[in-house]
Amino acid sequence: MSTTGNTGTTRTTKKALIIGGGIAGPVMALALRKAGIEAEIFEAYRTSAEGIGGTFMIAPNGLGALALVGLGADVDRIGQPVGPMVIEDGKGGVLAEFTGLADLPRGRLMRRAELYEVLQRRLGETGIAIHYGKRLVGAEEGADGITARFADGSSATGDLLIGTDGTGSTVRTLIDPAAPAAQYTGLLGIGGYSSYRLPGRAGRGESVHFANGARAFFGYWGLADGSGTAWFSNIPQPEPLTPEKVRAVGMTEWLRRCRELHAEDLPAREVLRMADVETMETFPRLEIMPSVPHWYRGRMVLVGDSVHAPSNSSGQGVSLAVESAVELARCLRDLPDHTAAFAAYEAMRRPRVEKIAADAARTNNQKTSGAVGRMVFKLVAPIAMRTFMSPEKMLRPVHGYRIDWDRRVTPLPGTGRHGRAA
């Protein structure tokens, strides 16, 4: 394996330890392999996440990042493409419609398990090792590398340690014991499937709908095969509930509560009337990461939700995570000193991810604002969509982001806190 970067100088990073085997971790490993750097993945859970997880959207920018690590064709075969996004008033009335940008590919809706299966298959094909039951408890840095210590008494040594271990990141606390924790958004997520068939193009999965109902936010779309409807509800829940408390309530009761909250909303009322409780999943703590002061220290660095998780309202969680993985790999490829690479990576990513997170936080505030806030939104939305919230102004900066893999990354002189693409 080559140890010479695009700058022509000898690369000191030959092997990375990746903590976290969800989505960002495997993409990070594949991007490092593309950059000529070896990687191993260490996952805290004892088994894979096969078959686990809800549904999310990967936006055009995320699809572009996945394509760079060789997953474009595989991802195109799973899920379903996202058609127009329709904003509604909770009674079936349309406030605005985003048709996307003609020069960009359509995003894709998919279950986490589908993408996870693609990633696991590609790791196997490329020979990248993933070790389960490896819960990180500490790390020791030396002059020539870093050793990760796991709860089972084992250890592993590499040149770098990359934290892709989610909002509850252990790596984040190792980098900075005073680092902020993820913040609860005040919303509880519930979703599932219904045999209710939407009329027209919506029933064929050709559009995705978001509605501010009388008492809660509701999203839905028809399944591509026309067999029914996927749905979710963001329920205002002032006090966060533990997973144990959510499970104790039971899915039948959660469905009853959803039906009660959306009793006045259309088509939510009908979708929920025919909802299948066996397909339902709950997400007790919809979270967002506040600004993290330190993205790296020494030989440790953070990627994805561990450092920049926007709320689910952004529709960008997975897309931003895979973007960051690819951009970090570029920096490590081109900058032989890992400190310079980390600084360049942070400078590339921080402004973008924090802007998107801030926008999503405002959306969350609107979701939890109560009846008056929802009424104000319904009044101003039609005007906003024609002006400052037009598809071009809203979607281009986010969905239009593309990574130029072949462009060389160089550090800025001076403090070493910034980087640029030359």
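Values in this document were obtained by computation on a predicted structure and should not be read as measured data.
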So how far is it from [X] [atom1] to [Y] [atom2], rounded to the nearest 0.5 Å?
| X | Y | atom1 | atom2 | value |
| --- | --- | --- | --- | --- |
| R350 | S291 | CZ | OG | 4.5 Å |
| E346 | S324 | CD | OG | 11.0 Å |
| E114 | Q80 | CD | CD | 9.5 Å |
| F210 | F232 | CZ | CZ | 5.5 Å |
| S233 | W254 | OG | CH2 | 10.5 Å |
| L302 | D165 | CG | CG | 7.5 Å |

Any donor and acceptor pair, going by atom type alone, linking the side chain of [X] with main-chain N or O of [Y] inside 3.5 Å?
| X | Y | value |
| --- | --- | --- |
| T164 | I19 | yes |
| S306 | G163 | yes |
| D159 | K14 | yes |
| T229 | S194 | no |
| T167 | D305 | no |
| R33 | E38 | no |
| D337 | A340 | yes |
| T279 | D276 | yes |
| R135 | A151 | no |
| R172 | P177 | no |

Which residue, L261, I235, V246, forms the side chain to side chain contact (heavy atoms under 4.5 Å, CB included) with I190?
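Of all the options given, the one that passes is I235.
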
Name the residue from R299, M300, H294 that meets the side chain to side chain contact (heavy atoms under 4.5 Å, CB included) definition with R297.
M300

Between [Y] and [X], is the closest basic N to carboxylate O distance under 4.0 Å?
| X | Y | value |
| --- | --- | --- |
| R201 | E97 | yes |
| R330 | E327 | yes |
| K355 | D359 | yes |
| E40 | K15 | yes |

F150 and F42: aromatic ring centres closer than 6.0 Å?
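Yes; F42 has its ring centre under 6.0 Å from that of F150.
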
Show the numbers, then the answer: is there a side chain to side chain contact (heavy atoms under 4.5 Å, CB included) between W405 and R333?
CA-CA 10 Å; W405 177 263; R333 175 197 67 188; 3.2 Å; yes

Could you tabulate the donor-acceptor pairs under 3.5 Å formed by side-chain atoms of residues 56-79, not counting sequence neighbours?
unit_1: N61; atom_1: OD1; unit_2: Q316; atom_2: NE2; d: 3.1
unit_1: N61; atom_1: ND2; unit_2: Q316; atom_2: OE1; d: 2.8
unit_1: N61; atom_1: ND2; unit_2: E323; atom_2: OE2; d: 2.8
unit_1: D74; atom_1: OD1; unit_2: R77; atom_2: NH2; d: 2.5
unit_1: D74; atom_1: OD2; unit_2: R122; atom_2: NH2; d: 2.7

Assess whether atom CD of E244 is packed by more than 12 heavy atoms of other residues, nucleotides or ligands within 6.0 Å.
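Count over threshold, so yes.
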
Within the supplied structure, the quantity of interest is the number of heavy atoms (other residues, nucleotides, ligands) at a distance under 6.0 Å from E239 CD; does it exceed 12?
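Counting neighbours around CD of E239, 12 or fewer heavy atoms of other residues, nucleotides or ligands fall under 6.0 Å, so no.
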
Determine the minimum heavy-atom distance between [X] and [Y], stating which atoms define it.
| X | Y | result |
| --- | --- | --- |
| L335 | P411 | CD2-CD, 3.2 Å |
| P26 | L119 | CB-CB, 4.1 Å |
| G158 | L17 | N-CD1, 3.8 Å |
| L198 | G222 | CD1-N, 3.6 Å |
| L332 | A341 | CD2-CB, 3.7 Å |
| S207 | W221 | O-CB, 3.6 Å |

After noting the C-alpha distance and the side-chain angles of T147 and T157, does the key distance pass the side chain to side chain donor-acceptor pair (under 3.5 Å) rule?
CA-CA 4 Å; T147 297; T157 299; 2.9 Å; yes

When you look at L188 and N234, which way does the side chain to side chain contact (heavy atoms under 4.5 Å, CB included) test go after all the steps?
CA-CA 6 Å; L188 181 146; N234 291 160; over 6 Å; no

Pairing donors with acceptors under 3.5 angstrom, does anything connect the side chains of T282 and R247?
no

Is any side-chain heavy atom of R112 closer than 4.5 Å to one of L115?
no

Is R349 close enough and on-axis enough to Y296, meaning under 6.0 Å and within 45°, for cation-pi?
no

If you look only at pairs with a residue in residues 138-156, which of them pass as a salt bridge (Lys or Arg N to Asp or Glu O under 4.0 Å), with sequence neighbours excluded?
K134-D152, E140-R149

Side chain to side chain donor-acceptor pair (under 3.5 Å) between Y220 and E88: does it pass, once the steps are laid out?
CA-CA 11 Å; Y220 64 96; E88 298 178 347; 2.7 Å; yes

What class does the angle between the rings of W295 and H308 fall in, given that below 30° is parallel, 30 to 60° is tilted and above 60° is perpendicular?
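Tilted, since the angle between the ring planes falls between 30° and 60°.
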
Step-by-step side chain to side chain contact (heavy atoms under 4.5 Å, CB included) determination, L104 to L395:
CA-CA 10 Å; L104 298 181; L395 300 181; over 6 Å; no

Checking side chain to side chain contact (heavy atoms under 4.5 Å, CB included) for the pair L123/I41: CA distance, chi angles, key distance, verdict?
CA-CA 10 Å; L123 291 179; I41 303 170; 3.9 Å; yes

Run the ring-ring contact (aromatic ring centres under 6.0 Å, His included) test against H262 and tell me which residues pass, sequence neighbours left out.
F218

